[in-house]
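Have a look at the structure below, then the notes.
Because only heavy atoms are used, hydrogens play no part in the values below, and waters and symmetry mates are left out as well, while side chains stay in. A, B, ... follow the sequence lines: proteins, then strands. Residue 1 opens every chain.
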Amino acid sequence: MNKPQARTTPLFAITTPLYYVNDVPHIGSAYTTMVADAIARFHRLQGHDVLMITGTDEHGQKIQRSAEAKGVPPQEHCDAIAATFDALWDQLNIQYDRFSRTTAAKHHPIVKDFFQRVWDNGDIYLSKQQGWYCVSCEEFKDERELLEGHYCPIHSNKQVEWRDEDNYFFRLSQYQDQLKALYQERPDFIQPESRRNEVLNFVEKGLQDFSISRVNLDWGFPIPNDPKHTIYVWFDALLGYITALLDPDDDPTLDNALKKWWPINIHLIGKDILRFHAIYWPAMLMSAGLTPPEIVFGHGFLTKDGRKMGKTTGNTIDPVALVSRYGSDAVRYYFLKEIEFGQDGDFNETRFINVLNADLANDLGNLLNRTLGMTKKYCQAQIPAVSASDIPEDNPLKALGVELRDRVTQAYHQLNFSHACTDIFTLIQTCNKYIDEQAPWSLYKEKQQKQVEIVLYSVLESVRLSAYLLSPVIPNLSNKIYQQLGFDLDFNNSSQINHPDLFQHHAQWGILAAGQPVKKPKPIFAKLDPPTATAST
RNA sequence: GGCUCUGUAGCUCAGGGGUUAGAGCAGGGGACUCAUAAGCCUCGUGUCGUGUGUUCAAAUCACACCAGAGCCA
């Protein structure tokens, strides 16, 4: 019955950070999550067995104090904030498989199990921690990095607090050589390369043990056998990735959590939390006898109108307002296409509108619209009776179309979404040019019906393929295109699209079936008005 | 203070010792009409941050400086 079966379907697990619930989601969290969703969707499209994890990190002093300030119990505060994340993911059409909360009941036994393993390995000891502590960072700071008057350099309105307390420490210093070996053996472990260099530099200078417990703090898990101490929020938060791997009806044990999905393939993070994921985390895992994840990718930060975002300056983007106003596909497309993934990127509303109008409304939307219009007039609203083999190899659309799958697959796998989109839009732009050159309206008047059909077929097929390959980024628009082309396929329904055979078929150029009735052309993306002077996001 | 990265057309960025420096967007002009006034064609003499060097030759290398960003637990 329980014979091990050879697995033929590739497994793919990806995480966003578990976002800290001290405040409602900001645009940076939305960005990471959109990217993770697009990656997960592309793997599902290929028929892989995918687990996309997101969630919230809910312990720590900062949360405790935020709740106190609001006069509510910490759990109530966390529930309220976690719900705002979930609502935004829904709005952005994020298809996560697990929403991992560090206050979930099953998380505690996992943390205990893990702590025990590290403890048994002799990597935890009690010592003294003295220094300046920033509650907002939940980190000890070096005296010299503080601002005048003992203010935190990151939270410049918050004074750091002097702490002199017993803490449990993790023997990070023991893992310096193993970490270096890891970075050496797996050059792709930290991406992009600039981040890897940063980590290499840091480790080269020597690693010190770090404190993994706090005293005078209730909001968190107690250290086993010494409950005066509470486990440091980061130690507990990182383990949320493992808890997320449990199936809903699994007993919450480490073994159960690790049985299928470990090691995780990609941890997608912002560059601010690189150190925790690229150094602390693999060391903790090594100590517990686990394989480190495959890739930690630290992406860049977003700026608005070229300036750093910040609540104090009021220069922020509200993701909820942005999506409410423009829709999920528009927002997803802009961030994935216009920002070179890995580097910092800028949001500017005028550019946002220009790009969406040019690409989605004009180039793609209008292309479908004009071609369907002609299909209706010249071909009785049916896919023309042409087969791909009738179309000469030097047809510009066929030439691009037949190699598009491989190019785009490679781009997605390299997490180069900008290139993936650019490659697809090259085909779309070539379609528009091809129509103008061929002028099917003239061919029709000249009674060259066969040629009209070849032109329309190759354009319709190119639009279809583009929609298919863009579906991880703009699933709703891809749905509209597929529907108008006469398909009954929902890119938001993973049980429909998550089959390797489907990918083999639909990612090819030349599969449109002759005679398939197409729907009435209807604009898929309404042009956006230029921003008004008073408009704000 | 130390180290790293960035500075190229109005905007976002590619290029990276060797003919007249590129793309997309925005803007000007034109022909067409199937289409969401869309698409197509066409138009860019920009101190390639500043200065000094290396070289037959520098946006491309070196050094210094200026501006912005990041890392230095």
Paired nucleotide for [N] [Watson-Crick or G-U wobble; both distances under 3.5 Å]:
N     : value
B/G44 : none
B/C65 : B/G49
B/A14 : none
B/U55 : none
B/C3  : B/G70

Salt bridge between A/Lys304 and A/Asp346, side-chain N to carboxylate O under 4.0 Å?
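A salt bridge is absent here (no side-chain N lies under 4.0 Å from a carboxylate O).
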Nucleotide [N], atom [atom2] - distance to [atom1] of [X] in whole Å:
X        : N     : atom1 : atom2 : value
A/Asn201 : B/C72 : CG    : C1'   : 9 Å
A/Lys522 : B/C34 : NZ    : C1'   : 21 Å
A/Gln484 : B/U36 : CD    : C1'   : 12 Å
A/Leu456 : B/C34 : CG    : C1'   : 9 Å
A/Arg370 : B/A37 : CZ    : C1'   : 13 Å
A/Leu368 : B/U36 : CG    : C1'   : 11 Å
A/Leu356 : B/G24 : CG    : P     : 18 Å
A/Leu460 : B/C34 : CG    : P     : 17 Å

Have a look at [X] and say if it touches a base, only the backbone sugar-phosphate, or nothing, with a 4.0 Å heavy-atom cut-off.
X        : answer
A/Asp363 : sugar-phosphate
A/Gln208 : base
A/Leu274 : nothing
A/Asp346 : nothing
A/Leu372 : nothing
A/Phe525 : base
A/Phe202 : base

Could a donor-acceptor pair under 3.5 angstrom be found where the side chain of A/Asp436 meets the base of B/G39?
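Such a pair is found, so the answer is yes.
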[N], OP1 or OP2 - any side-chain N/O from [X] closer than 4.0 Å?
X        : N     : result
A/Asn362 : B/G39 : yes
A/Lys433 : B/C41 : yes
A/Arg275 : B/C72 : yes
A/Asn369 : B/U36 : yes

With rounding to the nearest 0.5 Å, note down the distance linking CD1 in A/Ile424 to CG in A/Leu364.
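Those atoms lie 10.0 Å apart.
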Any chance the side chains of A/Tyr183 and A/Arg196 put a donor and an acceptor closer than 3.5 Å?
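Their side chains do not contain a donor-acceptor pair, so the 3.5 Å distance test is not met.
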Is a side-chain donor-acceptor pair under 3.5 Å present for A/Ser328 with A/Asn93?
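A/Asn93 vs A/Ser328: no donor-acceptor pair found between side chains.
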Quick one: sort the A/His229 and A/Tyr168 rings into parallel, tilted or perpendicular, breaks at 30° and 60°.
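The rings of A/His229 and A/Tyr168 stand perpendicular, inter-plane angle above 60°.
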Describe, in one word, how the ring planes of A/Tyr280 and A/Phe276 are oriented to each other, choosing from parallel (under 30°), tilted (30 to 60°) and perpendicular (over 60°).
perpendicular
Assuming nearest nucleotide by heavy-atom distance, tell me which of A/Gly373 and A/Asp272 is located more 5' along RNA chain B.
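Whichever sits nearer the 5' end wins; that is A/Gly373.
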